[in-house]
Amino acid sequence: MKYNFTEIEKKWQKYWEENETFRTPDFNELDKSKPKYYVLDMFPYPSGDGLHVGHPEGYTATDIIARFKRMKGFNVMHPMGWDAFGLQAEQYAIKTGIHPKIRTMECIDRFRQQLKSLGLSYDWKREVSTADEDYFKWTQWIFLKIFNSYYDESKDKAKIISELKIPEGLNEKEKFEFINSHRLAYLAEVPVNWCPELGTVLSNEEVPEQTEKGYTVVRRNMKQWNLRITKYAERLLNDLDELDWPRNIKEIQKNWIGKSEGAAVKFKLVNPENNNESEIEVFTTRPDTIFGATYIILAPEHKLVDELTVGMQKDAVDKYRKEAERKSDLERTELSKSKTGEYTGSYGIHPVTGEKIPVLISDYVLASYGTGAVMGVPGHDERDNEFARKFSLKIFPVVVPENISDSEIIKFIEDTKEGNVCFSGNGISIYSDFLNGLKTSESIDKIIDWLEKEKKGYRSVNYKLRDWLFSRQRFWGEPFPIIHFDDGTFTDVDESELPLTLPDVVSYKSSGTGESPLATIESWVNTTDKRTGRKARRETNTMPQWAGSCWYFLRYLDPGNRNVFCDKEIEKFWMPINLYIGGYEHAVLHLIYARFWYKVLFDLGYVNYKEPINKLFNQGMILGEDGVKMSKSRGNVINPDDVIKEFGADSMRLFEMFMGPLEATKPWSTKGIEGLNRFLNRVWRVIIDEYTGEPGKNITDEEPEENLNKLLHRTIKKVTEDIDDGDMKFNTAISYMMIFVNELYKTDRISKKIIGDFIILLSPFAPHIAEEIWQKLGNTESIQFAAWPEYDPELTKEDMATIIFQVNGKLRAKKDMNYDSDVKTLEDEALDNENVKKYILGKQIIKIITVKNKMVNIVVK
RNA sequence: GCCCGGGUGGCGGAACUGGUAGACGCGCAGGACUUAAAAUCCUGUUGCCUGCAAGGGCAGUAUCGGUUCGAUUCCGAUCCCGGGCACCA
């Protein structure tokens with residue numbers, strides 16, 4: 001009987017399903033004396049295209065780990081589910097009129113069937129879908145918890161809103177405003193990224209992805225829901241340290257959070273027409289350069305611009321602001337290769353020198369960062385420098401590089417003043433009164449102390465991270481459990497009313513007005529407040545796709561719970577996630593949002609840890625055979641269904657792991673997978689007699705033969721370490737198994753015991769064939785319940801070591817010698833070697849360097 | 001421009017803490033089996049030079065230089081590729 005992978009795979013997939021082989025027992029039935037291991041895949045968005053060969057790569061890796069850990073005696077959590085809300089199903093609905101729910105179900109069924117055909121050991125009883133009412137009920141519930149919380153800065157954690165201290169003497173309206181201004185979820189008129197083609201707003205994190213696809217994104221002020229993730233900036237940054245995550249992901253998150261430390265400095269501003277005074281704060285990371293501040297510059301959107309603009313400048317300023325407003329962020333950054341701006345006509349008072357300096361506006365200053373205003377230090381900031389030269393503003397040097405000679409200083413000062421040099425590094429302060437002669441770091445400390453003492457500024461930290469824009473103008477997403485009243489106030493819907501479901505409708509087209517399609521469905525929108533009976537309108541925006549994926553890993557742990565999203569005790573047992581594998585495209589989206597939600601839940605006492613994901617690993621991309629990214633237009637897409645049909649799931653799994661380290665980007669190769677299929681055939685044939693279909697005569701009950709047994713133990717060592725060391729380099733484990741099989745072909749009689757252990761090693765990689773052979777060897781239980789073999793360290797030692805003999809570092813001879821031979825023996829052998837003698841003949845031996853079991857190097861002159 | 005990765009045969013990739021560069025697989029070449037082919041099995045396979053042969057020599061891990069008895073591995077400079085950030089004050 002030949003190796004018939006199709007039949008074998010079908011047989012075992014059915015067996016696993018019927019016997020619930022991979023079921024993780026419910027918490028009360030779990031043997032809690034065993035250690036736990038939570039290994040998770042980033043769940044897929046079930047698109048209409050079905051599975052892509054990239055999916056099985058990460059899934060196979062986690063599956064190997066899950067199967068291995070089970071055999072090692074762990075309680076393993078290995079679930080799968082669906083990120084089921086999303087734009088694709090909605091656009092399909094617009095085209096076909098088919099409800100996104102129906103379409104999504106179809107796609108999920110297809111995905112599930114495809115995943116099952118790969119033999120992945122998920123506990124399907126724990127499957128979740130973010131678009132299920134039972135699931136998004138809890139997404140809405142968590143939103144309400146966020147909505148009903150504020151951030152207590154003194155305790156540095158979120159607290160329930162009822163604990164917020166409300167100032168005395170506020171009227172109802174003011175109280176409402178005060179509370180809302182502290183909620184972690186808040187509604188605000190903010191400049192948003194509007195994408196007209198998609199008919200929705202996008203979060204900052206989503207913009208690059210969509211602009212890459214060719215969509216335009218423009219700035220627009222809209223009233224939107226936001227989550228106050230910025231309150232967590234410091235914790236999101238600091239807690240990265242303790243995570244076992246890839247360096248670059250940490251780096252990306254760090255940059256995204258973008259912490260910078262410096263000072264806020266107050267400037268008095270005067271409008272010379274009416275002598276009205278106002279004050280602004282600027283943020284700077286280089287307060288030491290304050291003596292070089294020669295102008296003030298505001299973002300065009302800055303609140304004070306109108307007040308500061310003198311009559312003569314009014315038209316020019318208005319025109320400039322209109323232009324700036326029209327530009328998208330992209331244009332604003334791209335087109336401004338050359339700086340633009342306008343004078344307001346007002347002047348500022350330098351807080352240290354008291355000098356009058358001009359106030360201008362320019363779009364190189366961002367309204368959304370810091371205070372929307374900066375002090376221009378053209379001597380030591382490239383951007384200010386460029387701007388100052390364009391507007392002929394004064395340039396003044398206040399820092400010189402360290403280790404600069406006296407003669408160079410004169411030239412440096414001249415060059416700076418003329419704008420030929422702009423030194424933005426750290427150095428020594430000059431022309432700076434009480435800072436003169438101090439190093440940059442000392443100057444910074446000293447000037448901040450001075451500013452604080454004089455009440456003209458203070459130490460300050462800024463982050464690039466913005467609050468998370470949380471609403472979308474879409475149909476296919478979680479509705480907000482919020483209702484609005486005529487007077488402009490709003491309130492949450494009571495928890496008992498959850499889930500708040502989507503209506504059945506016939507048209508999914510967006511309203512065109514910047515509102516969600518839900519806004520047009522009167523029967524759904526109009527409602528009453530169950531608490532008071534007041535008439536109300538439902539919030540018509542829906543949550544972004546990221547909402548459901550922020551917490552799905554918690555629902556798997558306790559999927560049937562009707563009282564809470566996840567029992568806290570169960571959470572405590574299984575979390576944090578031991579290993580999480582997915583693509584690196586989620587670096588600042590899913591992975592930062594999920595950390596944020598988890599931290600809120602932690603603050604509110606619903607979960608037990610600071611961070612949800614202990615170890616993260618990113619699988620690399622699989623390219624087409626032509627070495628470029630797979631795409632329909634290139635026609636280089638490989639369909640996993642075809643691959644499984646032709647070579648089997650085991651070959652596919654094995655090949656994807658053999659291609660290279662998991663994180664590497666590597667091209668698909670049809671020839672390559674043939675090789676792995678050949679390997680499995682070799683495994684089959686060396687054990688199974690093709691005529692009888694049973695183990696061949698070469699498989700004996702004898703005790704293991706010594707040399708083969710030693711090789712087996714080395715193989716056990718290598719495979720075990722490769723699976724367990726966290727590097728995800730399964731390619732080398734597989735190559736060792738190949739070496740082992742090659743050796744089997746040179747052996748006439750093979751002990752059954754050896755074969756059994758080897759098949760266990762193979763089973764996490766190629767589970768179907770392993771089960772089949774395991775059964776043919778006379779075992780009655782699934783191989784999943786076999787114990788992982790232990791290796792004997794004594795047996796992994798070599799008896800012989802190949803010693804290399806070098807003369808002056810060049811290889812001249814080699815010889816197999818007893819393992820652990822002493823230095824003297826090695827050196828004598830080396831000096832006695834014919835070829836070595838040739839090279840040392842007539843020369844003087846200076847020294848001999850010997851490394852046990854490795855080499856002897858004779859240095860001659 | 002700045003910050004991370006990374007450059008090893010014809011290809012995917014191995015190489016422990018500095019100690020045999022190229023494991024394993026693909027491809028290719030040769031052989032066995034076969035009437036023949038496929039499949040399978042065996043052998044060889046970094047390049048150049050040399051030898052009838054066993055063998056031997058030289059060069060070689062992007063480039064140049066350094067440290068070292070010895071460098072794919074450590075250090076410096078340069079080039080190229082991939083990713084991230086990009087008026088963030």
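We name chains A, B, ... by the order of the sequence lines, and we start the count at 1 in each one.
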- prompt: Taking the P atom of each, how far is B/C2 from B/A77, in whole Å?
  reply: 13 Å
field: Any residue meeting salt bridge (Lys or Arg N to Asp or Glu O under 4.0 Å) with A/D722, in chain and number order, not counting sequence neighbours
entry: A/K718
field: Whole-Å gap separating P (B/G82) and CG (A/L623)
entry: 12 Å
statement: When A/N248 and A/V588 are each assigned the nearest nucleotide of RNA chain B, the 5'-most assignment goes to A/N248
Donor + acceptor pair across side chains of A/D467, A/T230 (<3.5 Å): yes
- prompt: Does the distance from a Lys or Arg side-chain N to an Asp or Glu carboxylate O, for A/K390 and A/E386, drop under 4.0 Å?
  reply: no
message: Need to verify one output field. Residue with the more 5' nearest nucleotide on RNA chain B, A/K746 or A/N462?
response: A/K746
message: Output the pairing pattern of RNA chain B as a dot-bracket string, 5' first, Watson-Crick or G-U wobble with both distances under 3.5 Å, | for cross-strand pairs, [ ] for crossing pairs.
response: (((((((..(((......[....)))((((((.......))))))(((((....)))))..(((((..]....))))))))))))....
message: Base contacts versus sugar-phosphate-only contacts with protein, heavy atoms under 4.0 Å: please encode nucleotides 11-25 of chain B as B, S and - from 5' to 3'.
response: -BSS-B--BB--BBS
Spacing between A/R685 atom CZ and B/C42 atom C1', to the nearest angstrom: 14 Å
- request: For A/D445, enumerate each residue passing the side chain to side chain donor-acceptor pair (under 3.5 Å) test, keeping only those at least two apart in sequence or located in another chain.
  value: none
- prompt: Who pairs with A/N426 by side chain to side chain donor-acceptor pair (under 3.5 Å), at least two apart in sequence or on another chain?
  reply: none
message: I want to check one thing: is the phosphate of B/G70, taken as OP1 and OP2, less than 4.0 Å away from some side-chain N or O of A/K847?
response: no
statement: A/N618 atom CG is separated from B/G5 atom P, nearest whole Å, by 15 Å
query: Starting at CG of A/N808 and ending at P of B/C58, how long is that distance when rounded to a whole Å?
result: 12 Å
statement: Between CD of A/E827 and C1' of B/C69 the distance, given in whole Å, is 13 Å
- prompt: Between B/U40 atom P and A/L680 atom CG, what is the distance in whole Å?
  reply: 13 Å
field: Non-neighbouring partners of A/H302 that pass side chain to side chain donor-acceptor pair (under 3.5 Å), sequence neighbours left out
entry: none
message: Check this one for me: any side-chain N or O of A/Y584 less than 4.0 Å away from OP1 or OP2 of B/G83?
response: no
query: For A/E251, what residues pass the salt bridge (Lys or Arg N to Asp or Glu O under 4.0 Å) criterion, not counting sequence neighbours?
result: none
- prompt: In residues 250-258 of chain A, which ones come under 4.0 Å of RNA chain B, going by heavy atoms?
  reply: A/E251, A/I252
query: Going by distance alone, is a donor N or O of one side chain under 3.5 Å from an acceptor N or O of the other, for A/D384 and A/Y364?
result: yes
Residues that A/E281 engages under side chain to side chain donor-acceptor pair (under 3.5 Å), provided they are two or more places apart: A/Y458
message: Test of understanding: with salt bridge (Lys or Arg N to Asp or Glu O under 4.0 Å), list the residues that count as partners of A/D832, not counting sequence neighbours.
response: A/K837
- line: Per the glycosidic torsion and the 90° limit around 0, nucleotide B/G65 is anti
query: Hey, is A/K259 close enough to A/E234 for a salt bridge, meaning N to O under 4.0 Å?
result: yes
message: Students often get this wrong, so: under 4.0 angstrom with heavy atoms, is A/Y839 touching a base, only sugar-phosphate, or nothing?
response: sugar-phosphate
Heteroatom pairs (N/O) under 3.5 angstrom, protein to nucleotides 71-74 of chain B:
none

message: With rounding to the closest Å, how many angstrom separate the P atoms on B/A23 and B/G47?
response: 12 Å
Sugar-phosphate, base or nothing in reach of A/R812, heavy atoms under 4.0 Å: sugar-phosphate
- request: Look at A/E674 together with A/K671 and state whether they make a salt bridge at an N to O cut-off of under 4.0 Å.
  value: yes
- request: Indicate, with a heavy-atom threshold strictly under 4.0 Å, whether A/V374 touches base, sugar-phosphate, or nothing.
  value: base
message: Counting the atoms with a prime plus P, OP1 and OP2 as sugar-phosphate, which does A/N835 contact under 4.0 Å by heavy atoms, base, sugar-phosphate, or nothing?
response: sugar-phosphate
- request: Output all residues satisfying salt bridge (Lys or Arg N to Asp or Glu O under 4.0 Å) with A/R321, sequence neighbours left out; order by chain, then residue number.
  value: A/D306
message: Please determine whether a side-chain nitrogen of the Lys or Arg among A/E57 and A/K666 lies less than 4.0 Å from a carboxylate oxygen of the Asp or Glu.
response: yes
